[in-house]
Amino acid sequence: MDERSRYFRRLKRLRGSARRWSVLGGGLAAAAAVLTPYAGIGVADAVWAAAAGSSVMLAWWRWSDHRELAAQPAPAPSLPETRLAAALERFPAGRTVVQEVRRQKNRFALRGSVIADSWDRLERASQTMAGLAGRLTGEGEAAVREAATAERWLRDLGQRAASVERAIPLGQGGRRDALVESHAGLAEQFSEGVEAFEALVAAAASYVAEDGQPLVDTRHPAYFSLVDAADRLRGIAEGLAELRTSEFRTPPAAAG
């Protein structure tokens, strides 16, 4: 249930509660007012009066809560695709699908724009950085955080530049020239930012490559373990082959 549904459900519940307590309080108050003069003041009358007063106070509180909640603006309705995306993102495969759909949607919005090529470069660099992030440890973790911040800024800048570009045909005279100049500055800043982001990704790849190299030999120790294991298995296989051949070999005939 989204926030808007919860809001109206709570508002309806408060209104219903306030009405019930109002009816109950009014009935008890009327009963106390009618019965007390005839029977005099007694214990039963005190109970009637206390119940009536409590009901009236509860009704007043419920109406106060209802008015306070009704004065607040109702939450905006959530779109069906938003709820569907939230449900899909709970699973790794669904999260990948949602991210790909959003990426294609953003790319489609930039079709024909002068920053489209730079946007594609940003997408490739972002995917490469995502693959390297799990291997960037130690000092490399700071680069991951910097890359995430820079990527958010670049995507916002790219969308801003595309929006200004779409508004250029709407301008007239000096306003159009101002929009062209502003768009040129945004596009240049976006292109330079993408180049810097690519340089960061390349540096991260170099870090991952060097971090995976052994300190002495050019090959990782696991490589030599694999070679030794392969040699042992090969030797065992050759020994088994020779044993099988010797068992089924026909002995030479004895001289007559």
Side-chain angles (χ1 to χ4, degrees), residues 2-3 75-76 78-79 81-168 178-223:
D2 58 0
E3 294 298 329
S78 59
L79 299 177
E81 56 267 21
T82 303
R83 294 197 294 268
L84 177 60
L88 288 176
E89 287 183 340
R90 297 176 183 176
F91 308 97
R95 191 179 306 112
T96 302
V97 172
V98 171
Q99 291 175 354
E100 180 63 21
V101 170
R102 289 173 179 170
R103 188 181 69 83
Q104 294 295 338
K105 180 180 179 181
N106 293 333
R107 180 62 181 83
F108 183 77
L110 296 174
R111 67 189 187 281
S113 175
V114 297
I115 67 167
D117 293 339
S118 297
W119 186 273
D120 291 340
R121 289 164 50 196
L122 175 62
E123 288 287 352
R124 290 191 294 269
S126 175
Q127 294 176 4
T128 303
M129 191 66 187
L132 297 171
R135 295 178 173 84
L136 289 169
T137 58
E139 296 295 333
E141 294 179 354
V144 176
R145 292 191 296 268
E146 292 292 338
T149 303
E151 183 181 352
R152 288 193 297 269
W153 167 70
L154 285 172
R155 291 187 183 279
D156 178 73
L157 180 61
Q159 295 289 349
R160 191 187 303 270
S163 300
V164 174
E165 183 178 358
R166 288 192 293 268
I168 289 177
L179 286 175
V180 171
E181 184 178 356
S182 299
H183 173 261
L186 291 174
E188 182 180 2
Q189 186 179 6
F190 179 73
S191 179
E192 293 176 352
V194 171
E195 291 179 0
F197 188 81
E198 290 175 334
L200 176 62
V201 175
S206 299
Y207 176 89
V208 172
E210 293 299 329
D211 188 53
Q213 296 290 344
L215 299 177
V216 180
D217 200 287
T218 57
R219 294 190 178 94
H220 196 275
Y223 169 80

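FYI, side chains are in, hydrogens and waters are out, and symmetry mates aren't considered; it's all heavy atoms of this structure. For clarity, every value in this text was computed on a predicted model and none was experimentally measured.
Side-chain contact between Trp119 and Gln159 is present, with at least one heavy-atom pair separated by less than 4.5 Å. Side-chain contact between Met129 and Leu136 is present, with heavy atoms from C-beta onward closer than 4.5 Å.
Not one N or O on the side chain of Ser126 forms a donor-acceptor pair closer than 3.5 Å with the backbone of Leu122. Formation of a donor-acceptor pair under 3.5 Å by the Ser191 side chain with backbone atoms of Ala187 is not found in this model.
Closest approach of Val201 and Thr128 over heavy atoms only: CG1-CG2, 3.7 Å. Heavy atoms only, all atoms of each residue included: Ala150 and Phe197 are closest at CB-CD1, 4.2 Å. Smallest separation of non-hydrogen atoms from Ser118 and Phe190: CB-CE2, 3.5 Å.
With salt bridges taken as basic N to acidic carboxylate O contacts below 4.0 Å, one links Arg160 and Asp156.
The line from NE2 of His183 to CD1 of Ile168 is 5.5 Å long, rounded to the nearest 0.5 Å. Here the straight-line distance linking atom CG of Leu157 with atom CD1 of Ile115 works out to 7.5 Å at 0.5 Å rounding. Of the inter-residue distances, the one linking Leu186 atom CG with Glu181 atom CD reads 11.0 Å to the nearest 0.5 angstrom. In this structure, Glu192 CD and Glu188 CD are separated by 5.0 Å, a value rounded to the nearest 0.5 Å.
Partners of Glu198 by side-chain hydrogen bond (donor to acceptor under 3.5 Å, both in side chains), not counting sequence neighbours, listed by chain and number: Arg121.
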